[in-house]
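A quick write-up on the structure given underneath.
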Amino acid sequence: MGRSTARTSRTTASTDNRPLLSAQELAEFLQVPISTVYVWNHRRQGPPVHKVGRHLRYRWAEVEAWLEDQAVDRAA
């Protein structure tokens, strides 16, 4: 992750007052098994994750940005 991306994430996150997502909530939102979320974390894939104590948490803005990056270009 480059510096400009990190700054953008912090700026976006500071204006986003939505509660952080747990790994379970992320799995439910994306409609994937919870094990997929843990595999993504282990492989450093998926949306950016933040550790709060021993818990994994996700910022909505980062999840939404990651999801946009996953769009498939069907014209190619």
Side-chain angles (χ1 to χ4, degrees):
M1 178 150 100
R3 283 188 166 176
S4 62
T5 306
R7 281 190 210 126
T8 303
S9 296
R10 285 188 200 124
T11 302
T12 303
S14 65
T15 59
D16 188 349
N17 293 326
R18 293 178 285 183
L20 299 175
L21 289 161
S22 68
Q24 181 64 47
E25 290 168 329
L26 178 66
E28 290 170 7
F29 174 71
L30 296 176
Q31 298 180 349
V32 298
I34 185 69
S35 59
T36 299
V37 173
Y38 289 125
V39 168
W40 286 342
N41 182 51
H42 179 72
R43 294 181 180 169
R44 299 179 187 259
Q45 299 172 332
V49 63
H50 304 274
K51 289 202 69 173
V52 179
R54 62 184 181 140
H55 305 283
L56 302 180
R57 294 294 181 255
Y58 300 85
R59 290 185 174 134
W60 275 103
E62 292 174 337
V63 169
E64 291 165 342
W66 174 83
L67 196 54
E68 285 297 317
D69 288 343
Q70 304 310 302
V72 176
D73 182 11
R74 296 193 182 261

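Bear in mind the structure is a predicted one, so any value in this text is a computation, not a measurement.
In this structure, the side chain to side chain contact (heavy atoms under 4.5 Å, CB included) partners of Pro33, at least two apart in sequence or on a different chain, are Ser35, Thr36. Not counting sequence neighbours, Tyr38 has no partner by the ring pair (Phe, Tyr, Trp, His ring centres under 6.0 Å) test.
Cluster partners of Val39 are absent, since no Ile, Leu, Val, Met, Phe, Trp or Tyr has side-chain heavy atoms less than 4.5 Å from it.
The list of salt bridge (Lys or Arg N to Asp or Glu O under 4.0 Å) pairs with a residue in residues 17-26, not counting sequence neighbours, reads Asp16-Arg18, Arg18-Glu64.
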Could you pull out all donor-acceptor pairs under 3.5 Å where a side-chain atom in residues 51-58 meets a protein atom, sequence neighbours excluded?
none

Can you give each donor-acceptor pair under 3.5 Å made by side-chain atoms of residues 40-47, sequence neighbours left out, with the distance rounded to 0.1 Å?
none

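Under a hydrophobic-cluster definition in which Ile, Leu, Val, Met, Phe, Trp and Tyr are linked whenever side-chain heavy atoms come within less than 4.5 Å, directly or via other members, Phe29 and Val49 are assigned to the same cluster. A continuous path of Ile, Leu, Val, Met, Phe, Trp and Tyr side chains, each step under 4.5 Å between heavy atoms, connects Trp66 with Leu21, placing both in one hydrophobic cluster. A chain of hydrophobic side-chain contacts below 4.5 Å, direct or via other Ile, Leu, Val, Met, Phe, Trp or Tyr residues, connects Val63 to Ile34.
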Q. Could you walk me through whether Val37 and Leu30 pass the side chain to side chain contact (heavy atoms under 4.5 Å, CB included) check?
A. CA-CA 10 Å; Val37 173; Leu30 296 176; 5.7 Å; no
